[in-house]
Undergrad: 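Can you read through this structure? Questions will come right after.
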Amino acid sequence: MLQTRKIRENKAEYIKLLKVKNFDANNIFNLLIDLDDQRKEAQIKCDELLSKSNNLSSQIGKLYKTGDTNKVASLKKESIIIKDESKIFLNKQNKLEREIKDLLVQIPNIPHPSVPVGKSDLDNLVVKQKAEAPALYDGAKPHWDLTERYGLIDFGLGNKITGSGFPVYTNKGAKLQRALISYFLDKNINAGYLEYLPPLLVNEASGFGTGSLPDKEGQMYHVNEDNLYLIPTAEVPVTNFFRDIIVNEFPVKCTAYTPCFRREAGSYGKDVRGLNRLHQFDKVEIVQIERPENSYDILNEMVEHVSSILDELELPYRILKLCGGDLSFTSALTFDFEVYSAGQKKWLEVSSVSNFEDYQSNRLKLRYKDSNGKNQLCHTLNGSALALPRIYAALIENNQTPDSIIIPKALQAYTGFDIIK
RNA sequence: GGUGAGGUGGCCGAGUGGCUUAAGGCGCACGCUUGGAAAGCGUGUAAACGGGAAACUGUUUCGGGGGUUCGAAUCCCUUCCUCACCGCCA
């Protein structure tokens, strides 16, 4: 959520930048500022009346002691009138505040000036490509064939007990998954991130804090009886640790492994085959909270960190700077990581590293004290390091031989085996 | 799930309708003191939204929401949470 004050200060610039996100802010900004003017006016009036009424009350208190009951009665009458009048302005103020908030949640975050113009994912900018597609033997398979042949994942079994999009990992397939989780967590811990193992269900306030609610209500599983939501990413619980907090020590670097749950309503077809899109999947997330002046350095640091993991796994990948049309509602700048999965001959998104600037912090009321002792909003950043299923798919597709799958060196200490036959 | 006790500032904790402008303590910051430190003494120390060039100042906030009252941390209703014991249970 943007701040009205900043919209007032940077109106023209924001309108220009939001055009990159294909969002026409002109009318909504004007409306917003107008409502905010009205709000201030109502507040001034309301405060004035309440001040008078507070004054009368304390006078009444003193008069009771002197026993001047006539005077008390007349002051009471006066006070009731003032109080009634103040309620009119208070209601007006509350109504305007609600209207302003309703508008604010409709406005996406301001994109960073470097965000390229574009309509869709086709316009994303490739900023780095480290992709020697492996030379596979003739007749190399996509992962859904490999997982079946080597008994790594039983999609049918998941289908039976839950539904499609809920795979069951078995034997070495399960061990490989567990190895990847441990490996990612260790990489993150070694880079200075503090590990958390958070709850997988969050309350409504947390959903709102990270902007999952109300925007993506339909994408989250909801436990009706207790009014809790299954997390779509660890970003939700972890970022909400810092809700209503004034941070005074930086850096704040968190990592967490969690399963993630997404309804993915409306997805179908080839894109959802095998591990490509699931309702439940594992992900290791990194989250950082920083002061505004450092946040873009931190974003680069996070991009470097994710790159180093993919380097070590020897996976071909590329980094995309998302264009305005593909950038998420809440993000100011996002780098996507895609690995090349040679069995499918496809790029698969495995990580998305974003700077949200103060867009989330404003909802979260996440602040720090600046050098003048004033409270300012922090910047929040997060990224996947990494999302498991597509890494898994690319790993087994890229490392297949006609009769085996080779485990990359970096993982062998975690799997305890170097080949799957 | 049942019964009971609670929820007050960064933390502890007093506070049963107006002497609360939330006591007192701890912590923190600054100053005095010191060769330096500790102790001691003094001063300051919440947030949000407003007004004001500034000094300063108004309103709101004692878990959340609603109510009674001229006036609520205090009384009433409601809801959430915590703790204790009981029940159930990995």
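Chain letters run A, B, ... following the sequence lines, proteins first and then strands; every chain starts at 1. As the structure is a prediction and not an experimental result, all values here were calculated from the model.
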Undergrad: Please give, in whole Å, the distance from B:A48 P to A:Ile245 CD1?
TA: 14 Å
Undergrad: Tell me which nucleotide, if any, is Watson-Crick or G-U wobble paired with B:C49 when both distances must be under 3.5 Å.
TA: B:G58
Undergrad: Quiz question: by atom type and distance under 3.5 Å, do the side chains of A:Asp336 and A:Ser352 form a donor-acceptor pair?
TA: yes
Undergrad: May I ask you to check if A:Lys172 and A:Phe417 form a cation-pi contact, with NZ or CZ under 6.0 angstrom from the six-membered ring centre and within 45° of the axis?
TA: yes
Undergrad: Considering only atom P, compute the distance from B:A46 to B:U82 and round it to an integer number of Å.
TA: 30 Å
Undergrad: Mind running ring pair (Phe, Tyr, Trp, His ring centres under 6.0 Å) on A:Tyr392 and A:Tyr169 for me, showing each step along the way?
TA: CA-CA 11 Å; A:Tyr392 196 112; A:Tyr169 300 79; 5.7 Å; yes
Undergrad: Pick from A:Arg367, A:Lys6, A:Arg363: which one makes a salt bridge (charged side-chain N to carboxylate O under 4.0 Å, His left out) with A:Asp358?
TA: A:Lys6
Undergrad: Could you work out the separation of B:C32 and B:G24 based on their C1' atoms and round it to a whole Å?
TA: 24 Å
Undergrad: Does A:Arg39 place a side-chain N or O at less than 4.0 Å from the phosphate oxygens OP1/OP2 of B:G50?
TA: yes
Undergrad: By the 4.0 Å heavy-atom rule, please label A:Lys374 as base, sugar-phosphate, or nothing.
TA: nothing
Undergrad: Taking atom P in both B:G18 and B:C75, what distance in whole Å separates the two?
TA: 12 Å
Undergrad: When rounded to the nearest Å, what value does the distance between P atoms of B:G4 and B:G58 take?
TA: 45 Å
Undergrad: Can you sort out the partners of A:Tyr183 under ring-ring contact (aromatic ring centres under 6.0 Å, His included), two or more places apart, ordered by chain and number?
TA: A:Tyr414
Undergrad: Taking all non-hydrogen atoms of both residues into account, name the closest pair between A:Thr330 and A:Asn109 and its distance.
TA: O-ND2, 2.9 Å
Undergrad: Provide the distance between the two C1' atoms, one in B:A73 and one in B:G63, to the nearest whole Å.
TA: 12 Å
Undergrad: When the distance from CG of A:Leu49 to P of B:G51 is rounded to whole Å, what number comes out?
TA: 17 Å
Undergrad: Give the B/S/- string for nucleotides 56-76 of chain B, one per nucleotide from 5' to 3', where a protein heavy atom under 4.0 Å of the base yields B, of only the sugar-phosphate yields S, and otherwise -.
TA: --BSS---------BS-----
Undergrad: Figure out the CD/C1' separation between A:Gln59 and B:C19, and round it to whole Å.
TA: 17 Å
Undergrad: Nearest whole Å is fine: how far is B:A47 C1' from A:Gln376 CD?
TA: 14 Å
Undergrad: Just checking, is any N or O donor in the side chain of A:Gln43 or A:Glu97 under 3.5 Å from an acceptor N or O on the other one?
TA: no
Undergrad: Any luck finding a side-chain donor-acceptor pair between A:Gln412 and A:Asp418 under 3.5 Å?
TA: no
Undergrad: Sort out the partner of B:G36 for me: Watson-Crick or G-U wobble, both distances under 3.5 Å, none otherwise.
TA: none
Undergrad: Return the orientation label for the A:His305 and A:Tyr193 ring planes: parallel under 30°, perpendicular over 60°, tilted otherwise.
TA: tilted
Undergrad: For B:A14 versus B:U60, give the span between their C1' atoms, rounded off to a whole number of Å.
TA: 24 Å
Undergrad: When rounded to the nearest Å, what value does the distance between C1' atoms of B:U57 and B:G7 take?
TA: 33 Å
Undergrad: So, does A:Lys369 get its side chain near the phosphate of B:G10, meaning an N or O under 4.0 Å from OP1 or OP2?
TA: no
Undergrad: Please collect all salt bridge (Lys or Arg N to Asp or Glu O under 4.0 Å) contacts where either partner lies in residues 236-259 of chain A, sequence neighbours excluded, each pair once.
TA: A:Lys253-A:Glu301
Undergrad: Under a 4.0 Å heavy-atom cut-off, which of residues 93-107 of chain A touch RNA chain B?
TA: none
Undergrad: Could I get the full list of salt bridge (Lys or Arg N to Asp or Glu O under 4.0 Å) partners for A:Lys160, not counting sequence neighbours?
TA: none
Undergrad: For B:G31, give its Watson-Crick or G-U wobble partner with both distances under 3.5 Å, or none.
TA: B:C41
Undergrad: Who does B:A5 pair with, Watson-Crick or G-U, both distances under 3.5 Å?
TA: B:U82
Undergrad: Which ones in residues 195-205 of chain A lie close to RNA chain B, meaning a heavy atom under 4.0 Å from one of its atoms?
TA: none
Undergrad: Tell me: OH of A:Tyr368 to C1' of B:A47, nearest whole Å?
TA: 17 Å
Undergrad: In whole angstroms, how far is the P atom of B:C28 from the CD1 atom of A:Ile246?
TA: 18 Å
Undergrad: Could you tell me the separation between the CG atom of A:Asn375 and the P atom of B:A46, rounded to a whole number of Å?
TA: 11 Å
Undergrad: Could you label the plane-to-plane angle of the A:Tyr221 and A:Phe166 rings as parallel, tilted or perpendicular, counting under 30° as parallel and over 60° as perpendicular?
TA: tilted
Undergrad: Under a 3.5 Å limit for both distances, which nucleotide forms a Watson-Crick or G-U wobble pair with B:C89, could you say?
TA: none
Undergrad: Check each of A:His379, A:Glu290, A:Glu357 against A:Tyr296 using the side-chain hydrogen bond (donor to acceptor under 3.5 Å, both in side chains) test, and report the only one that passes.
TA: A:Glu357
Undergrad: Mind checking who B:G71 pairs with, Watson-Crick or G-U wobble, both distances under 3.5 Å?
TA: none
Undergrad: Searching all strands shown, indicate the nucleotide that pairs with B:A23 (Watson-Crick or G-U wobble; both distances under 3.5 Å).
TA: none
Undergrad: Under the side-chain hydrogen bond (donor to acceptor under 3.5 Å, both in side chains) test against A:Glu397, which residue among A:His143, A:Lys346, A:Lys141 passes?
TA: A:His143
Undergrad: How far, in whole Å, is B:U45 from B:U33 if one measures between their C1' atoms?
TA: 22 Å
Undergrad: Rounded to whole angstroms, how far apart are NZ on A:Lys40 and P on B:A48?
TA: 16 Å
